[in-house]
Amino acid sequence: MKLLFDENLSPKLSSRLNDLFPNSLHVRDVAMKATIDPIVWDYAKDNDLMIVSKDADMHDLSLVFGNPPKVIWLRLGNCSTLQVENLLRREFSAIKIFHEDESLSLLALS
């Protein structure tokens with residue numbers, strides 16, 4: 001399970017969560033800082049990545065296009081990187097089930 005962290009999340013998350021989600025990336029890692037959502041979407045789709053975002057636009061793309069890619073929508077509001085990291089660690093089992101179920105496109109976590 002590889003994740004692609006959207007620009008609204010800390011670039012530190014990919015390294016901080018490497019034990020659970022190896023080879024995950026932040027959009028900055030692939031020169032997509034300030035890139036429009038459809039391009040991020042296509043990159044995730046082409047590289048078998050699940051998008052992790054706090055952005056409702058990714059939620060909307062997921063509803064319109066389905067998967068791939070899958071979207072993990074973080075509904076945390078203003079929060080620290082540690083809070084995001086803890087949420088993804090706590091919900092690892094749910095994320096794994098979500099990843100394995102081909103019929104699912106969106107996982108909302110809060």
Side-chain angles (χ1 to χ4, degrees):
M1 290 186 302
K2 296 185 298 183
L3 307 178
L4 178 63
F5 294 99
D6 201 4
E7 73 176 323
N8 54 22
L9 297 168
S10 171
K12 296 177 183 178
L13 286 166
S14 54
S15 61
R16 289 171 70 160
L17 290 164
N18 190 54
D19 59 319
L20 295 178
F21 305 100
N23 303 311
S24 292
L25 301 167
H26 189 274
V27 292
R28 290 181 186 181
D29 297 330
V30 289
M32 288 195 302
K33 181 180 176 185
T35 300
I36 60 172
D37 290 338
I39 292 173
V40 173
W41 181 271
D42 288 341
Y43 183 86
K45 181 178 180 178
D46 293 343
N47 291 279
D48 195 29
L49 297 161
M50 289 192 294
I51 297 171
V52 181
S53 182
K54 291 173 71 178
D55 186 352
D57 291 345
M58 288 297 185
H59 164 267
D60 295 345
L61 286 172
S62 177
L63 294 177
V64 171
F65 296 117
N67 75 69
K70 292 176 175 263
V71 174
I72 300 171
W73 185 32
L74 304 180
R75 303 198 54 197
L76 292 175
N78 191 15
C79 63
S80 69
T81 299
L82 181 59
Q83 288 172 302
V84 173
E85 178 185 356
N86 288 340
L87 175 64
L88 293 171
R89 287 186 179 282
R90 185 174 62 246
E91 297 295 339
F92 178 76
S93 294
I95 294 167
K96 186 175 181 188
I97 291 168
F98 169 67
H99 178 261
E100 293 169 353
D101 189 333
E102 294 181 17
S103 68
L104 299 175
S105 298
L106 177 71
L107 175 64
L109 299 176
S110 58

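All residue numbers refer to positions in the sequence shown, counting from 1. Since we're looking at a predicted model, the values are computed, not measured.
With contacts defined as side-chain heavy-atom distances shorter than 4.5 Å, the pair N67/S62 does not qualify. Counting heavy atoms from C-beta on, the side chains of S24 and F5 come closer than 4.5 Å. Here the side chains of C79 and K54 are in contact, with some heavy-atom distance below 4.5 Å.
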Residues V71, H59; criterion side chain to side chain contact (heavy atoms under 4.5 Å, CB included); working and verdict: CA-CA 7 Å; V71 174; H59 164 267; 5.7 Å; no

Applying side chain to side chain contact (heavy atoms under 4.5 Å, CB included), run through I72 and S53 and close with a yes or a no. CA-CA 6 Å; I72 300 171; S53 182; over 6 Å; no

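A single hydrophobic cluster is seen to contain both L20 and L109, as judged by linkage of ILVMFWY side chains at heavy-atom distances under 4.5 Å, directly or through other members. In the hydrophobic cluster analysis, where Ile, Leu, Val, Met, Phe, Trp and Tyr join through side-chain heavy atoms closer than 4.5 angstrom, W73 is grouped apart from V84. A single hydrophobic cluster is not seen to contain both L9 and L25; linkage of ILVMFWY side chains at heavy-atom distances under 4.5 Å, directly or through other members, places them apart. One hydrophobic cluster, built from ILVMFWY side chains closer than 4.5 Å, holds both L88 and L107. Residues L17 and L76 fall within the same hydrophobic cluster, defined by Ile, Leu, Val, Met, Phe, Trp and Tyr side chains chained together at heavy-atom separations under 4.5 Å.
Atom OG of residue S110 and atom CG of residue L87 lie 7.5 Å apart, to the nearest 0.5 angstrom. The CG atom of N18 sits 12.0 Å away from the CG atom of L13 when rounded to the nearest 0.5 Å. Atom NZ of K70 is separated from atom CG of L4 by 16.0 Å, given to the nearest 0.5 angstrom.
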Could you go through residues 91-102 and list every donor-acceptor pair under 3.5 Å that involves a side-chain atom there, pairing it with any protein atom two or more places apart or in another chain?
{"residue": "D101", "atom": "OD1", "partner": "S103", "partner atom": "N", "Å": "2.9"}
{"residue": "D101", "atom": "OD1", "partner": "S103", "partner atom": "OG", "Å": "2.6"}

Show every donor-acceptor pair shorter than 3.5 Å between a side-chain atom in residues 29-52 and any protein atom, with sequence neighbours excluded, or say none if there are none.
{"residue": "D29", "atom": "OD2", "partner": "H26", "partner atom": "N", "Å": "2.8"}
{"residue": "T35", "atom": "OG1", "partner": "M32", "partner atom": "O", "Å": "2.8"}
{"residue": "N47", "atom": "ND2", "partner": "Y43", "partner atom": "O", "Å": "2.8"}

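By the side-chain hydrogen bond (donor to acceptor under 3.5 Å, both in side chains) test, R89 is found to be paired with D19, E85, residues two or more places apart in sequence or in another chain being considered.
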